[in-house]
Each structure stands twice: as C-alpha cells, then as structure tokens.
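Notes to accompany the following structure.
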Amino acid sequence: MRTDALFERYQREREPWVRDELTRRFLPLALSLSRRYHSLREREDLDQVASLALLKALDRFDPTREIAFSTFAVPTIVGELKRYFRDCGWVVRVPRSLQELTARIDACAEQLTRELGRPPTIAQIAERCETTTESVLEAYAAGSAHFPDSLDTPLRDASEPMTRVDTIASEDSGYVRAEHAADLDRLLATLPARDAAILRLRFHDDMTQAQIAERVGLSQMHVSRLIRTAIDELGQTVAPAVPAAPQ
C-alpha cells in the first residue's frame with residue numbers, strides 16, 4: 001500500500017497495524033537524525049528519544065495539508081532531541097537560565113557561521129544574542145557539563161603513564177599530623193601544667209632530659225621520673241576499657 005494511502009487510512013481509522021507499518025517505513029529517518037548527536041550521549045538513549053518523537057509526529061500529521069511527512073517530522077524529531085539535551089543531558093546541574101542562554105548562543109553561533117563563512121568571535125556572538133562576552137564565556141563553560149572528562153582519561157603529554165586523577169589527588173600526610181596534634185593537645189590537657197610542658201620539651205622540641213632539667217630547675221632524675229609517670233597516665237587515658245571477666 002502506498003504511503004499516502006496509509007496516512008489517509010491511519011487518520012481515518014487509527015488502526016495499530018497501520019501505525020506500525022508507517023513507523024517501520026520512517027524509522028530510518030528518525031535514527032539518521034539521532035546519529036547526529038551520538039558523539040554527545042549514549043546512542044540507545046538518543047535512538048529511543050527519536051523513535052518516540054517519530055510516533056508523536058505520526059499521530060499529529062495531517063495528510064490533508066498536502067506536505068511531505070518528512071517535512072513535518074524532521075522538526076518534530078530534532079525538537080524532541082534538543083529538548084532531551086536541555087532537560088536531561090546535563091551531567092552537572094546548572095541553572096535553567098544558563099541552560100537557555102547556552103542553547104540560544106549555540107543557535108546564534110550556527111547562524112553567524114553560515115552568514116560569515118567562518119566561526120564567529122565571542123564579541124560577535126554576544127552582540128547577536130544581546131548579552132555580554134562574559135555571559136557567552138560562562139555559557140560555553142557550562143556547556144561542558146554535557147560531557148565531562150573522565151578522571152581515568154590518560155594524559156597524552158605526561159612523561160610517564162598517568163591519568164587525570166593522578167594530577168588532582170594525592171595522599172597528604174599533613175591531615176594525619178594535624179589530627180594527631182589535636183589528639184595530643186587534648187591528652188596533654190589532662191595532665192598537670194608542669195608535666196605537660198616537660199613532655200612538650202622532650203618530644204616536641206626534642207630536648208634532652210639534662211636540658212629540660214636545666215630549663216625547669218629540677219634534677220635530671222626528677223625530670224626522668226616525671227616523664228615516665230606522665231606517659232603512664234596518658235597510656236591509661238587512651239587504653240580501651242576492658243570489661244570485667246564474668247564470675
């Protein structure tokens with residue numbers, strides 16, 4: 001059966017088999033439109049969006065208007081694909097106003113490229129969109145939220161094999177030292193001021209017992225005894241409580 005006859009019958013009867021046949025005939029058109037964007041998103045998702053848009057176009061098409069179905073369907077399918085990118089294509093969520101500005105700037109850039117025969121400058125795009133160059137740059141930066149770089153992407157210019165994550169992530173022992181210092185300050189606060197000061201001189205300032213004894217005016221033996229006693233007290237403070245054995 002001719003395609004125009006199928007459209008007339010579907011408009012009149014709305015028979016499912018006619019819709020299925022029209023879908024089969026025009027599905028290649030929908031898939032060819034989705035392939036334009038396969039590099040930007042998962043192929044299966046885009047094919048599904050284009051296929052659903054084709055069904056919408058079939059349901060809305062009026063053969064009495066005497067226009068080719070492809071002329072009617074292409075804007076419908078492309079519009080659904082662009083709407084998909086606008087609403088679902090952002091990996092990193094950005095404000096709706098910036099999303100809309102990005103779409104408007106892309107359209108202006110395409111139009112200017114056709115008019116000028118070359119890519120337009122940022123200033124020319126800003127003038128056509130009636131916005132500032134800063135807004136255009138911000139919109140282009142936001143556009144990268146559609147397709148972020150993987151942290152596992154190998155770096156081409158590196159002298160040795162490494163990925164992007166190797167340049168932004170590393171172990172920093174400073175955090176551990178800061179935590180230990182905070183824990184030590186908390187523990188030393190439980191000791192008498194003189195004992196805490198002696199421990200700091202011994203283990204923080206790395207002074208010998210003889211130097212400490214001279215600093216605080218005590219004998220070296222007394223200092224040694226105070227250090228031992230203070231360490232024992234700290235050990236009891238941090239030791240986990242051991243439950244009593246059952247009788």
Side-chain angles (χ1 to χ4, degrees), residues 40-42 86-102 105 122 126 131-247:
L40 308 182
R41 200 69 175 172
E42 291 295 334
R86 185 194 68 191
D87 296 336
C88 306
W90 299 86
V91 179
V92 179
R93 198 64 180 172
V94 300
R96 172 56 65 89
S97 60
L98 193 53
Q99 294 182 29
E100 294 174 349
L101 177 61
T102 300
I105 286 174
I122 297 298
T131 186
T132 63
T133 56
E134 290 79 7
S135 297
V136 174
L137 293 173
E138 184 181 10
Y140 276 133
S144 64
H146 277 304
F147 13 82
D149 292 334
S150 171
L151 293 179
D152 294 326
T153 302
L155 297 180
R156 297 179 180 178
D157 299 332
S159 57
E160 57 185 28
M162 60 189 307
T163 61
R164 189 177 301 277
V165 71
D166 295 325
T167 66
I168 61 176
S170 61
E171 295 184 2
D172 189 345
S173 60
Y175 291 107
V176 177
R177 290 196 300 270
E179 291 178 357
H180 289 172
D183 291 339
L184 182 59
D185 288 340
R186 178 177 55 82
L187 291 173
L188 291 179
T190 65
L191 296 175
R194 184 183 63 176
D195 294 355
I198 289 176
L199 286 184
R200 290 184 186 279
L201 292 174
R202 178 67 184 92
F203 298 106
H204 184 272
D205 297 341
D206 200 25
M207 295 177 63
T208 65
Q209 293 184 6
Q211 292 172 327
I212 296 172
E214 182 178 358
R215 171 74 67 84
V216 299
L218 298 174
S219 66
Q220 182 176 340
M221 184 177 297
H222 194 181
V223 168
S224 177
R225 186 166 58 250
L226 289 174
I227 291 175
R228 237 182 2 258
T229 302
I231 292 176
D232 290 341
E233 291 182 8
L234 293 179
Q236 293 176 6
T237 301
V238 299
V242 179
Q247 297 295 331

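Atoms considered below: every heavy atom in the structure, side chains included; atoms not considered: hydrogens, waters and symmetry mates. All residue numbers refer to positions in the sequence shown, counting from 1.
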Could you tell me whether a side-chain N or O of Thr190 sits under 3.5 Å from a main-chain N or O of Leu187, the two making a donor and an acceptor? yes

Thr132: which residues meet the side chain to side chain donor-acceptor pair (under 3.5 Å) condition with it, sequence neighbours left out? Ser135

Can you name the residues that form a side-chain contact (heavy atoms from CB on, under 4.5 Å) with Asp205, not counting sequence neighbours? Leu201, Met207

Who passes side-chain contact (heavy atoms from CB on, under 4.5 Å) against Ala197, sequence neighbours left out? none

Take Val216 and Val223, measure what side-chain contact (heavy atoms from CB on, under 4.5 Å) needs, and give me the verdict at the end. CA-CA 9 Å; Val216 299; Val223 168; 4.3 Å; yes

Around His222, counting heavy atoms of other residues, nucleotides and ligands shown, do more than 12 lie under 6.0 Å from its NE2? yes

Taking all atoms of both residues into account, what is the closest heavy-atom pair of Val136 and Ile105, and its distance? CA-CD1, 3.6 Å

Listed partners of Arg225 passing side chain to side chain donor-acceptor pair (under 3.5 Å), at least two apart: none

Which heavy atom of Leu218 sits nearest a heavy atom of Arg194, and at what distance? CD1-NH1, 4.1 Å

Arg200: what forms a salt bridge (charged side-chain N to carboxylate O under 4.0 Å, His left out) with it, not counting sequence neighbours? Asp185

Set of side chain to side chain donor-acceptor pair (under 3.5 Å) partners for Ser224, sequence neighbours left out: Arg228

Tell me every residue that passes side-chain contact (heavy atoms from CB on, under 4.5 Å) with Glu214, counting only those two or more places apart in sequence or in another chain. none

Apply side-chain contact (heavy atoms from CB on, under 4.5 Å) to the pair Leu188 and Leu234, showing each step before the final yes or no. CA-CA 8 Å; Leu188 291 179; Leu234 293 179; 4.3 Å; yes

side-chain contact (heavy atoms from CB on, under 4.5 Å) against Ile231, all qualifying residues, sequence neighbours excluded: Leu199, Phe203, Ile227

With sequence neighbours excluded, tell me which residues meet salt bridge (charged side-chain N to carboxylate O under 4.0 Å, His left out) with Asp232. none

For Thr133 and Ala126, work out which heavy atoms get closest and say how close. N-CB, 3.8 Å

